[in-house]
Chemist: 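Handing you a structure now.
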Amino acid sequence: MSDPLAKLLTICRTSKLSDLKQLKQLHAQIIQNSLHHQDYWISLLIQQCTQIRAPFSYAHLIFLSIPNPNVFLLTSVLKFYSQLGPQYHHHIFSLFHQIRHSSNHHLKPDAFIYPILIKISGKNSINPLHGHVFKLGFASDHFVRNAIMDMYAKYGPINLARQLFDEMPDRKIADWNSMISGYWKWGYQEEASRLFESMPEKNVISWTAMVTGYSKSGDLENARKVFDEMPDKSVVSWNAMLSGYAQNDFVEEGLKLFEKMMDSCDFKPDETTWVTIISSCAAKGDPQLAKSLVSSIDRRKINLNCFIKTALIDMHAKCGSLETARQIFDEMGVQRNLVSWNAMISAYTKNGDLMSARKIFNEMPEKNVVSWNSLISGYAQNGQSAMAIELFKEMTTTKAIYLKPDQITMVSVISAYGHLGALELGKWAMDFFTKNQIKLNISVYNSLISMYSRCGSMEDAKKTFQEMPTRDVISYNSLIAGFASHGRATEAIELMSKMKEEGIEPDRITFMAVLTACSHAGLSKQGREIFKSIRKPAIDHYACMVDLLGRTGQLDEAKMLIDEMPMKPHAGVYGALLNASRVHKRVELGELAAYKLFELEPENSGNYVLLSNIYASMERWEDVEKIRELMRKRGVKKTTGWSWVEFEGKVHRFIVGDRSHKYSEEINKVLKELGKKMIDLGYVADKSCVLRDVEEEEKEEMVGTHSEKLAIGFALVVSGDDARGVIRVVKNLRVCGDCHRYIKMISKLVGREIVVRDNNRFHCFKDGECSCEDYW
DNA sequence: GTAGGGTTAG
């Protein structure tokens with residue numbers, strides 16, 4: 001044997017091979033020298049493949065270079081494949097199949113193969129495999145036995161794992177550890193602790209399992225206690241604690257612990273540590289921190305594996321550098337896995353770039369439920385509810401059997417339906433749950449409450465709230481916001497008291513909702529009291545208060561409150577003041593607010609229109625013209641809103657002057673007839689406001705033109721003479737004063753109840769009256 | 001050769 005070869009083999013034995021080059025060299029020499037026990041050396045070589053993260057293809061090549069491998073070599077290969085990840089598992093099964101059916105006695109499966117096989121088989125194969133190893137007499141082997149028990153502990157039924165555990169004549173620490181992790185996994189905290197306490201001997205893995213258990217159940221205090229008490233730690237223990245902090249949103253604590261880890265020289269962060277820290281930094285969304293972390297990683301020359309790069313993509317996306325995220329993604333090439341693709345989709349949706357997200361989605365080599373959820377929620381959160389639902393339908397008609405919508409999908413879908421105000425579709429979603437046996441968790445319930453509220457069905461919202469087994473602050477907030485949008489202020493306030501009684505503290509959102517409710521109901525006194533009870537009011541609470549004071553005519557107080565604010569007022573604050581100034585005809589305050597708004601959001605046409613309306617109401621036409629001129633000069637275009645009507649499970653959208661709908665002609669006919677009737681009955685003095693042709697409406701610049709009219713017209717057309725039932729129209733902008741009057745008249749003429757949802761407010765029109773008399 | 005830690009969607 002040549003000297004360099006002997007040296008290399010020693011290196012191989014002591015597992016200190018450093019790179020693929022060295023590995024290849026060794027392989028070539030083993031083959032060249034036709035060594036005795038070649039299988040043995042090659043096995044060692046393959047074991048080294050794991051160490052240096054050799055690619056699958058290379059290990060496979062080594063494997064193929066041996067004409068008659070024995071079972072020892074095969075086991076090494078199987079082990080290597082199993083560590084590469086699920087996408088290589090089918091190679092393992094096919095190899096195993098070959099071995100089993102081979103007549104070569106060197107290839108008889110032995111006890112070493114089964115633990116590997118069991119570990120990768122997944123829950124569906126435990127039973128047959130269990131029977132199989134039992135029949136072959138391997139079930140008494142320590143490692144096989146542990147693998148089977150661990151399987152049951154992980155995938156259930158946990159009781160069966162316990163049974164095997166109890167039947168063991170000689171339990172090793174590994175068996176105890178498997179059992180403890182199993183109990184944690186299934187939520188049996190007490191059993192896990194009891195087992196841990198009664199262990200005759202513990203090792204670092206037992207302790208770490210406890211740290212992980214507490215962390216995953218959100219009990220970080222105990223997790224840290226166990227962590228601090230550990231007689232000795234490993235890098236895994238540190239990672240367990242760090243990930244506990246990361247996943248429970250204790251970002252600061254995590255970073256502090258990480259610093260401590262860096263200071264103590266005993267443990268160097270490994271790749272997992274970095275992944276965890278990067279994800280903590282992503283959660284924080286702090287670009288400065290991200291930058292220093294990246295330079296720290298660069299400085300240490302950390303090997304960037306697939307996990308780290310994916311985490312980096314996520315971090316950059318969340319810290320505002322989408323381009324860097326994309327760059328890493330592009331550079332990954334074949335290193336990309338499904339999660340990297342998904343991370344890139346969410347990177348785009350989080351930055352509102354739905355086109356790019358869609359492109360990535362379409363290019364993906366394979367998709368899972370997370371891919372679909374990312375894109376669906378992306379559409380839902382960026383105001384494209386209809387698209388979100390279309391995508392969901394596509395998902396449910398996709399042939400892939402392993403692809404089933406889950407709770408997270410449904411949260412997005414329900415929310416999308418809620419935004420469309422499509423109650424019937426929402427009810428269809430409920431049927432979908434039952435049919436597909438999707439369990440309802442607290443988030444799904446919460447989204448249902450929001451959906452029912454948004455669709456105007458407070459009874460269903462209340463029912464859902466009462467039905468749910470446990471409620472959190474979001475459940476309360478959803479229902480309170482529902483009451484608020486329906487002008488049911490008293491119920492909103494009562495519910496806030498109730499949540500306090502149940503021990504749930506109102507948060508920023510709760511106060512927002514209740515203050516909004518008070519504002520809409522004109523409950524000035526209660527509103528002030530609630531505002532005073534907020535420990536540290538946020539800027540939005542100030543905006544609500546300005547709105548409340550403004551609506552109730554206390555404009556000077558509103559202005560004073562703005563002056564007293566500890567922070568710089570944002571557009572919402574001045575917007576509220578501007579509205580109030582218009583209603584109460586306070587030109588000077590209106591001008592002040594409007595000009596602040598022109599600075600804060602120069603593109604928003606609504607502010608110009610509002611100020612112009614104030615001038616118009618006082619017949620100051622020169623000033624009206626001045627504002628028009630300002631808009632022209634700044635290139636501000638009046639934004640137009642859509643109106644939706646849900647009909648027979650489909651949502652119909654209309655925009656100002658819309659002639660694209662197939663019923664367009666009928667709709668305009670109905671609207672004209674109604675207009676004539678209004679004039680004949682003397683409802684309106686000026687016929688121009690009801691008989692205007694849609695084409696004229698398009699030309700109109702300043703006065704709101706009405707997609708709601710078209711939507712209501714459509715509803716009347718499709719419902720024919722049937723005068724029962726409620727017409728639901730959803731508009732995504734503020735219903736203007738003109739429109740409000742118009743709908744009142746329609747409701748009286750056709751004798752029907754018309755519900756219009758305008759942003760988050762509901763207007764119920766009946767017999768020529770509107771439920772929201774505070775309407776501006 | 002067992003058992004403990006990691007990235008994406010709400």
Side-chain angles (χ1 to χ4, degrees), chain A residues 47 72 75-76 78-79 82 110-116 118-119 141-150 153-154 171-182 184 202-213 215-216 230 233-244 246-247 269-280 282 305-315 317-318 336-347 349-350 368-378 380-381 406-415 441-444 446-447 474:
Chain A
Q47 281 164 26
F72 180 47
T75 312
S76 309
L78 291 187
K79 180 120 201 214
S82 76
D110 61 8
F112 284 79
I113 285 191
Y114 285 100
I116 303 172
I118 293 166
K119 203 176 160 185
D141 180 89
H142 267 148
F143 297 98
V144 174
R145 216 180 48 186
N146 178 274
I148 290 173
M149 193 195 79
D150 192 60
K154 280 199 174 79
R171 290 181 281 253
K172 306 268 192 222
I173 299 191
D175 301 316
W176 289 83
N177 291 345
S178 288
M179 210 53 231
I180 289 174
S181 295
W184 274 116
K202 304 176 177 89
N203 63 9
V204 62
I205 297 178
S206 331
W207 285 91
T208 309
M210 293 304 284
V211 172
T212 309
S215 299
K216 291 245 157 90
M230 286 176 81
K233 297 180 175 63
S234 69
V235 68
V236 179
S237 326
W238 283 87
N239 292 344
M241 196 61 232
L242 287 171
S243 106
Q247 263 148 28
D270 69 359
E271 289 166 1
T272 303
T273 319
W274 289 107
V275 172
T276 310
I277 291 306
I278 295 168
S279 95
S280 289
N305 67 14
C306 164
F307 274 79
I308 294 186
K309 284 191 183 165
T310 305
L312 281 172
I313 290 177
D314 184 52
M315 179 186 78
K318 285 181 181 153
R336 287 193 283 242
N337 66 7
L338 184 55
V339 181
S340 331
W341 286 86
N342 289 343
M344 204 58 228
I345 292 182
S346 95
T349 59
K350 285 221 162 59
N368 66 0
V369 67
V370 178
S371 328
W372 286 87
N373 288 351
S374 305
L375 197 62
I376 291 175
S377 79
Q381 282 167 11
D406 62 7
Q407 298 179 338
I408 294 171
T409 323
M410 297 322 285
V411 168
S412 302
V413 172
I414 293 168
S415 144
N441 64 9
I442 202 159
S443 308
V444 179
N446 291 344
S447 61
I474 302 174

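Chain letters run A, B, ... following the sequence lines, proteins first, then strands; residues in each count from 1. Values reported hereafter were calculated over all heavy atoms of this structure, with side chains retained and with hydrogens, waters and symmetry mates removed.
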Chemist: Within the pair Lys216(A) and dG6(B), is there a side-chain N or O less than 4.0 Å away from OP1 or OP2?
Modeler: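 So the side-chain polar atoms of Lys216(A) do come within 4.0 Å of the phosphate oxygens OP1 or OP2 of dG6(B), strictly under.
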Chemist: Given dA9(B), is OP1 or OP2 found less than 4.0 Å from the side-chain N or O atoms of Lys350(A)?
Modeler: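 Yes, Lys350(A) has a side-chain N/O under 4.0 Å of OP1/OP2 on dA9(B).
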Chemist: Determine whether the side chains of Ser415(A) and Ser447(A) contain a donor N or O and an acceptor N or O closer than 3.5 Å.
Modeler: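 Not at all, the side chains of Ser415(A) and Ser447(A) share no donor-acceptor pair under 3.5 Å.
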Chemist: Remember a base hit wins even if backbone is also touched, and classify Gln381(A) as base, sugar-phosphate or nothing at under 4.0 Å, heavy atoms.
Modeler: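 If one applies the 4.0 Å heavy-atom cut-off, Gln381(A) turns out to touch the sugar-phosphate alone, with no base involved.
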Chemist: Can you check the Met344(A) CE to dA9(B) P distance for me, whole Å?
Modeler: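 These atoms are roughly 13 Å apart.
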Chemist: If only side-chain N and O atoms count, and only distance matters, is there a donor-acceptor pair under 3.5 Å linking Asn342(A) with Asn373(A)?
Modeler: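 Note: Asn373(A) and Asn342(A) side chains miss the donor-acceptor criterion.
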Chemist: Quick check: any donor-acceptor pair below 3.5 Å linking the side-chain of Asp175(A) to the base of dA3(B)?
Modeler: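 Flag unset: no donor-acceptor pair detected.
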Chemist: From the set dG5(B), dT7(B), dT2(B), return the single nucleotide nearest to any side-chain atom of Thr212(A).
Modeler: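 Comparing dG5(B), dT7(B), dT2(B) against the side chain of Thr212(A), the answer is dG5(B).
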Chemist: Val370(A) side chain: which of dT8(B), dA3(B), dG5(B) is closest?
Modeler: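 So the side chain of Val370(A) is nearest to dT8(B).
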Chemist: From the set dG4(B), dA3(B), dA9(B), return the single nucleotide nearest to any side-chain atom of Val236(A).
Modeler: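 Given the options dG4(B), dA3(B), dA9(B), the side chain of Val236(A) is closest to dG4(B).
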Chemist: Can you tell me how far apart NZ (Lys350(A)) and CG (Asp314(A)) are? Round to the nearest 0.5 Å.
Modeler: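 Going from the NZ atom of Lys350(A) to the CG atom of Asp314(A) covers 6.5 Å.
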Chemist: Please report, rounded to the nearest Å, how far the P atom of dT8(B) is from the CH2 atom of Trp341(A).
Modeler: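 Computing the Trp341(A):CH2 to dT8(B):P distance gives 18 Å.
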Chemist: At under 4.0 Å between heavy atoms, what does Val339(A) touch on the DNA or RNA strands: base, sugar-phosphate, or nothing?
Modeler: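 Base: the residue Val339(A), judged by heavy atoms under 4.0 Å, touches a nucleobase.
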Chemist: Using OP1 and OP2 only, check whether a side-chain N or O of Lys154(A) sits under 4.0 Å from dG4(B).
Modeler: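 Answer is yes, contact under 4.0 Å.
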Chemist: Classify the side chain of Asp270(A) and the base of dG6(B) as holding, or not holding, a donor-acceptor pair under 3.5 Å.
Modeler: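 Result: no qualifying N/O pair found.
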Chemist: Taking the side chain of Ser178(A) as its heavy atoms from C-beta onward, which of dA3(B), dG6(B), dG1(B) lies nearest to it?
Modeler: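 Per side-chain heavy atoms of Ser178(A), the pick is dA3(B).
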Chemist: Does OP1 or OP2 of dT7(B) have a side-chain N or O of Gln247(A) closer than 4.0 Å?
Modeler: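 Indeed, a polar side-chain atom of Gln247(A) lies that close.
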Chemist: Over how many whole Å does the gap from Phe143(A) atom CZ to dT2(B) atom C1' extend?
Modeler: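 Between C1' of dT2(B) and CZ of Phe143(A): 6 Å.
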Chemist: Quick one: is dG10(B) close enough that its OP1 or OP2 comes under 4.0 Å of any side-chain N or O from Ser443(A)?
Modeler: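 The answer is no; no side-chain N or O of Ser443(A) sits under 4.0 Å from OP1 or OP2.
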Chemist: As a test of reading the structure: which of dA3(B), dG6(B), dG4(B) is closest to the side chain of Ser234(A), going by heavy atoms?
Modeler: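 In terms of side-chain proximity for Ser234(A), the closest of dA3(B), dG6(B), dG4(B) is dG4(B).
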Chemist: Can Arg145(A) and Asp175(A) be counted as an ion pair, charged N to O under 4.0 angstrom?
Modeler: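 Judged by the 4.0 Å cut-off on N to carboxylate O distance, Arg145(A) and Asp175(A) do form a salt bridge.
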Chemist: Tell me the interatomic distance from Leu375(A), atom CG, to dT8(B), atom C1', rounded to whole angstroms.
Modeler: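 For the pair Leu375(A) CG and dT8(B) C1', the rounded distance is 13 Å.
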Chemist: Please work out if Val444(A) contacts a base, only the sugar-phosphate, or nothing of the nucleic acid, heavy-atom cut-off 4.0 Å.
Modeler: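 Here Val444(A) touches no strand at all.
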Chemist: Is there a side-chain polar atom (N or O) of Lys172(A) under 4.0 Å from OP1 or OP2 of dG1(B)?
Modeler: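 Negative; the distance criterion is not met.
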Chemist: Pick base, sugar-phosphate or nothing for Asn441(A), based on heavy-atom distances below 4.0 Å to the nucleic acid.
Modeler: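 If one applies the 4.0 Å heavy-atom cut-off, Asn441(A) turns out to touch a base.
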Chemist: Within less than 4.0 Å of OP1 or OP2 of dG10(B), is there a side-chain N or O belonging to Gln407(A)?
Modeler: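 No, because none of the side-chain N or O atoms of Gln407(A) sits under 4.0 Å from OP1 or OP2 of dG10(B).
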Chemist: Is any side-chain N or O of Thr208(A) closer than 4.0 Å to OP1 or OP2 of dG5(B)?
Modeler: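 False: Thr208(A) side-chain N/O out of range (4.0 Å or more) of dG5(B) OP1/OP2.
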Chemist: If you look at every strand shown and take non-hydrogen atoms under 4.0 Å, does Asn446(A) touch a base, only sugar-phosphate, or nothing?
Modeler: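 Result for Asn446(A) = nothing.
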Chemist: To the nearest Å, give me how far apart NZ (Lys202(A)) and C1' (dG4(B)) are.
Modeler: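 One finds 15 Å between C1' of dG4(B) and NZ of Lys202(A), rounded.
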Chemist: With sugar-phosphate meaning primed atoms plus P, OP1 and OP2, does Ala111(A) contact a base, only sugar-phosphate, or nothing at under 4.0 Å between heavy atoms?
Modeler: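 Base, at least one base heavy atom under 4.0 Å.
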Chemist: For dA3(B) and Lys119(A) - does any side-chain N or O of the residue sit under 4.0 Å from the phosphate oxygens OP1/OP2?
Modeler: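 Answer is yes, contact under 4.0 Å.
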Chemist: Using whole Å, report how far CD1 of Ile148(A) lies from P of dA3(B).
Modeler: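 Answer to the nearest Å: 13 Å.
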Chemist: State the OG-CE distance between Ser280(A) and Met315(A), to the nearest 0.5 angstrom.
Modeler: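 That separation rounds to 11.0 Å.
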Chemist: Over all strands shown, is Thr310(A) touching base, sugar-phosphate only, or nothing at heavy-atom distances under 4.0 angstrom?
Modeler: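 Thr310(A): base contact, heavy atoms under 4.0 Å.
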Chemist: dG4(B) base stacked by Trp207(A)? Criteria: ring centres under 5.5 Å, plane angle under 30°.
Modeler: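 Stacking is absent between dG4(B) and Trp207(A), given that the ring centres and planes do not meet under 5.5 Å and under 30°.
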Chemist: When we call it a touch if two heavy atoms are under 4.0 Å apart, what does Lys233(A) touch: a base, just sugar-phosphate, or nothing?
Modeler: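 No contact.
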Chemist: Would you say Ser340(A) and Asn337(A) are linked by a side-chain donor-acceptor pair, where the criterion is simply a distance under 3.5 Å?
Modeler: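 Short answer, yes.
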Chemist: Using a distance-only test with no angle check, is there a side-chain donor-acceptor pair under 3.5 angstrom linking Thr273(A) and Asp270(A)?
Modeler: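 Note: Thr273(A) and Asp270(A) side chains meet the donor-acceptor criterion.
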Chemist: Are any of the side-chain heavy atoms of Asn146(A) and Ser178(A) separated by less than 4.5 Å?
Modeler: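 When only atoms from C-beta onward are counted, Ser178(A) and Asn146(A) do touch, with a gap below 4.5 Å.
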Chemist: Between P on dT2(B) and NE2 on His142(A), what's the gap in Å once rounded to a whole number?
Modeler: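 Those two atoms, NE2 and P, are 14 Å apart.
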Chemist: Any base atoms under 4.0 Å from Lys79(A), or only sugar-phosphate, or nothing? Heavy atoms, all strands.
Modeler: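 Sugar-phosphate: the residue Lys79(A), judged by heavy atoms under 4.0 Å, touches backbone atoms but no base.
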Chemist: Of all the nucleotides listed (dG6(B), dG4(B), dA9(B)), which has the minimum atom distance to the side chain of Ser243(A)?
Modeler: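 Per side-chain heavy atoms of Ser243(A), the pick is dG6(B).
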Chemist: Could you please name the option among dG4(B), dG5(B), dT8(B) that lies closest to any side-chain atom of Ser279(A)?
Modeler: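 So the nucleotide nearest the side chain must be dT8(B).
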Chemist: Rounding to a whole Å, what distance do you find between Asn337(A):CG and dG6(B):P?
Modeler: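 Going from CG in Asn337(A) over to P in dG6(B) covers 16 Å.
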